[in-house]
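Notes to accompany the following structure.
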Amino acid sequence: MHVNIYMSERPDFNGASHLAISISPPIPESKRRRMSSHPLSFTPLRRIPTNTLPLPPPPPPSPTSNLHRTPSSRTYIPSHVYKHPSAILLELCTSMKELHQFIPLIIKNGLYSEHLFQTKLVSLFCKFGSLHEAARVFQPIEDKIDELYHTMLKGYARNSSLDDAVSFFCRMRYDGVRPVVYNFTYLLKVCGDNADLRKGKEIHCQLIVNGFASNVFAMTGVVNMYAKCRLVEEAYKMFDRMPERDLVCWNTIISGYAQNGFGKTALELVLRMQEEGKRPDSITIVSILPAVADVGSLRIGRSIHGYSMRAGFESFVNVSTALVDMYSKCGSVGTARLIFDRMTGKTVVSWNSMIDGYVQNGDPGAAMEIFQKMMDEQVEMTNVTVMGALHACADLGDVEQGRFVHKLLDQLELGSDVSVMNSLISMYSKCKRVDIAAEIFENLQHKTLVSWNAMILGYAQNGRINEAIDYFCKMQLQNIKPDSFTMVSVIPALAELSVLPQAKWIHGLVIRTCLDKNVFVATALVDMYAKCGAVHTARKLFDMMDERHVTTWNAMIDGYGTHGLGKAALELFEKMKKEVIKPNEVTFLCVLSACSHSGLVEEGFQYFGSMKKDYGLEPAMDHYGAMVDLLGRANRLNEAWDFIQKMPIEPAISVFGAMLGACRIHKNVELGEKAANRIFDLDPDDGGYHVLLANIYATASMWDKVARVRTTMEKKGIQKTPGWSVVELQNEVHTFYSGTTSHPQAKKIYAFLETLGNRIKAAGYMPDTNSVHDVEDVVKEQLLNSHSEKLAIAFSLLNTSPGTTIHLRKNLRVCGDCHNATKYISLVTKREIIVRDMRRFHHFKDGTCSCGDYW
DNA sequence: CGAGTGACAA
């Protein structure tokens with residue numbers, strides 16, 4: 001190392017070692033340090049070093065030179081002419097190790113007691129992050145110059161806690177050091193970074209007391225501090241009061257608005273700054289582009305892009321990266337890619353933005369390609385990269401790629417990053433591997449709220465409702481307060497359970513945690529109440545909301561639809577249009593399904609047409625499926641089949657599935673076979689549709705064909721989804737499967753069903769034995785009687801007091817016989833029975849059903 | 001000496 005050689009040769013320092021100090025004027029009494037803790041407090045404050053070398057004449061001041069700043073009481077030394085040797089040496093230090101090597105040499109040269117050296121040393125220790133060593137140098141110095149304090153304060157502000165910085169500032173004041181403006185700028189920055197408003201305000205006061213209230217630097221710091229504490233209004237007040245405002249100050253207030261979600265105001269301020277003759281620089285652009293993304297205006301984005309090009313900012317990596325981000329957030333991922341490809345010297349942030357851009361635009365495959373390319377080019381990744389890649393794997397549902405990224409974590413030493421671990425939990429959950437997600441979650445050392453949320457959502461989305469609710473309770477036992485995300489995960493799980501008391505419980509909890517005003521949470525509640533059969537409660541909640549999202553309207557419309565209240569659904573849709581809420585694809589899906597459940601065929605067609613004509617929404621597969629369902633249920637099967645033939649896109653399984661379902665209802669074997677064949681071409685192994693086809697044959701007494709379907713299923717090992725029904729009783733959820741005998745009350749239930757059977761037969765019920773074959777009529781009846789739905793109803797009747805409404809939920813569609821039987825049961829027992837099946841609600845009352853036998 | 005791009009869970 002050349003520096004060491006230089007030192008060992010004992011160079012000639014030209015005697016300029018302490019020029020700044022030796023010619024300084026005497027220290028006024030008022031500035032003397034209190035050194036009560038030091039036994040030598042009476043020693044002269046500024047001793048002249050004993051190893052003084054002969055002084056050269058002071059160099060002439062040069063007006064153009066970069067001035068070496070010292071307090072005004074001392075002489076300015078142009079740095080290019082003169083530099084303190086210890087300063088030169090220390091400037092060559094690039095690491096803590098080198099610094100430690102230098103110190104003995106400097107002590108040996110007798111420079112340790114020089115102020116410039118001391119200050120430089122403190123500064124370097126701070127720079128390398130060792131405040132402890134900096135303080136060890138600082139503490140014993142007897143005659144501390146102001147700069148030493150300022151340097152030490154800077155160190156505390158940059159490396160340590162805000163408390164340490166502030167208390168050091170107090171000590172500095174106590175020691176009689178006069179604060180300079182950059183003491184405040186550093187402190188304000190820490191207050192801002194910590195969002196510590198209380199301390200920020202104190203510093204602000206101190207700043208005023210010390211006469212910096214009109215200083216641009218200080219006040220920019222104040223503006224920034226308030227903005228970072230989320231008080232943009234206050235920040236603007238300070239900004240507005242400033243007598244003069246430079247570019248940095250404008251940038252500060254603009255990014256303040258942008259970062260607090262006021263993109264529009266930020267953009268307006270850019271216009272105003274230009275009116276005041278300030279040209280936006282690259283930092284203005286980088287600050288404003290996220291605001292453009294926030295507003296989502298491609299037009300404004302393009303004009304800012306144009307400005308940047310004219311101003312020559314294109315070559316700045318950060319500007320280009322911000323452009324990539326802006327374009328992809330405005331939905332123009334192609335343009336983002338063009339800019340990305342043209343960039344030279346991409347940073348990891350650029351790569352990350354491109355990956356996230358593709359993920360946000362629903363192209364996880366392209367995101368993974370970029371990720372692959374990044375690995376090929378050996379760009380060093382960050383946790384953000386990995387999170388983006390995991391998100392893409394999750395959207396692809398590709399566990400293998402997800403596992404690959406997971407393995408990469410250990411090499412990157414990101415295995416301890418909570419955010420990354422949370423992304424892993426989400427990825428595995430979305431890839432249907434909740435088991436792995438749960439393992440990661442259990443092993444996670446410092447679980448955050450987000451970890452819990454990800455885990456709860458994972459369970460909820462994988463149908464493991466009980467675990468979702470379990471974890472929700474567990475997290476509260478660990479004193480972790482749920483937020484809106486938790487609620488939005490757990491409420492749909494309860495909606496799936498369809499149990500009213502639990503619904504009310506979570507609603508209460510939402511109110512107690514003050515989350516009831518959150519649109520997403522409130523929407524989830526509306527949806528949940530509708531799915532629990534309490535559609536009117538849902539509507540009350542809907543009406544009480546101050547703010548409604550499209551999804552809120554969708555939930556309510558769908559709620560009416562599944563309850564067979566087609567008219568109410570359409571009225572609400574019209575109201576939505578009047579309130580100028582733009583319906584989306586999902587809205588139309590809800591509307592069409594509402595029409596379908598209520599037999600409103602003409603209305604359905606009208607809305608289907610309006611979708612593209614009035615709203616420019618291209619019908620997707622599900623919309624075609626809904627139309628086939630609409631025609632099919634209304635027994636217009638031939639029209640439905642024609643409709644499928646005329647579809648502009650290749651019909652998928654769901655469309656033929658709707659057709660097959662309609663054929664089952666209306667007992668049409670010919671079209672049913674056609675639809676089934678198309679389904680089995682597309683997916684030969686679906687259990688549900690095989691059963692549906694078998695049922696069609698059974699209804700038509702085509703037993704040989706029934707047998708053929710059954711054989712095919714057995715050969716291929718296709719499983720029929722077992723039917724289940726659930727009811728809630730005194731905070732316990734009871735699940736019944738067909739023919740179950742394991743329930744503690746099983747004997748009682750079957751006995752009760754027998755007497756009940758006689759009662760409803762007396763009222764006119766005829767068991768639909770047609771759909772069962774090969775066995776005696778008595779056995780047929782027994783088979784029908786063991787359907788999960790009847791078991792659940794019997795159980796509820798046995799265990800609730802007369803007059804109580806019965807709610808039950810089943811996974812498949814209600815079968816014809818159960819539907820008919822339930823009508824009679826509601827009549828003879830004078831009970832209201834609400835059944836939620838796979839598709840809709842059935843309200844049984846006084847011998848009729850709300851679906852009007854139309855399901 | 002003050003300003004600045006990406007960011008986990010719906």
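Because the structure is a prediction, the values reported are computed rather than measured. Sequence lines set the chain letters: A, B, ... in the order given, protein chains first and strands last, and positions in each chain run from 1.
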How is A:V488 classified with respect to the nucleic acid when contacts are heavy atoms under 4.0 Å: base, sugar-phosphate, or nothing?
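Sugar-phosphate only.
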
Looking across every strand, which nucleic acid part, if any, lies under 4.0 Å from A:L289 by heavy atom: base, sugar-phosphate, or nothing?
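Counting heavy atoms under 4.0 Å across all strands, no contact is made by A:L289.
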
Using 4.0 Å as the upper bound for N to carboxylate O, is an ion pair formed by A:K474 and A:D470?
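So A:D470 does not pair with A:K474 through a salt bridge.
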
Tell me whether A:E547 is salt-bridged to A:K517, with the criterion being a basic N under 4.0 Å from an acidic carboxylate O.
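Result for this pair is no, no salt bridge flagged.
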
Determine, for nucleotides 2-7 of chain B in 5'-to-3' order, which nucleotides have protein heavy atoms under 4.0 Å from the base (write B), from only the sugar-phosphate (write S), or from neither (write -).
BBBBBS

A:N210 versus A:N183, side-chain donor and acceptor atoms under 3.5 Å:
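Not at all, the side chains of A:N183 and A:N210 share no donor-acceptor pair under 3.5 Å.
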
Checking A:N159 side chain against A:C126 main chain: does a donor-acceptor pair fall under 3.5 Å?
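Indeed, once roles are kept as given, a pair shorter than 3.5 Å links the two residues.
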
Between A:N194 and A:V190, is there a donor-acceptor pair closer than 3.5 Å when you use the side chain of the first and the backbone of the second?
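It does hold such a pair.
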
DNA chain B contacts made by residues 422-431 of chain A, counting heavy atoms under 4.0 Å:
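Nucleic-acid contacts, sorted: A:N422, A:S423, A:S426, A:K430.
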
A:M475 vs A:K447, side chain to side chain contact (heavy atoms under 4.5 Å, CB included): CA-CA, chis, key distance, verdict:
CA-CA 10 Å; A:M475 115 182 215; A:K447 297 181 183 70; over 6 Å; no

What is the distance, to the nearest angstrom, from the [atom1] atom on [X] to the [atom2] atom on [N]?
{"X": "A:I355", "N": "B:dC8", "atom1": "CD1", "atom2": "P", "result": "14 Å"}
{"X": "A:I456", "N": "B:dA10", "atom1": "CD1", "atom2": "P", "result": "12 Å"}
{"X": "A:M455", "N": "B:dA9", "atom1": "CE", "atom2": "P", "result": "15 Å"}
{"X": "A:L449", "N": "B:dA9", "atom1": "CG", "atom2": "P", "result": "13 Å"}

Residues two or more places apart in sequence or in another chain: which of them pass salt bridge (charged side-chain N to carboxylate O under 4.0 Å, His left out) with A:K237?
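Residues passing salt bridge (charged side-chain N to carboxylate O under 4.0 Å, His left out) with A:K237: A:E234.
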
Reckon A:H391 has a side-chain N or O less than 4.0 Å from the OP1 or OP2 of B:dA9?
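For A:H391, the contact criterion (side-chain N or O under 4.0 Å from OP1 or OP2 of B:dA9) is met.
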
Do A:K346's NZ or CZ and the ring of A:F340 fall within the cation-pi criteria of under 6.0 Å and 45°?
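That pair qualifies as a cation-pi contact.
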
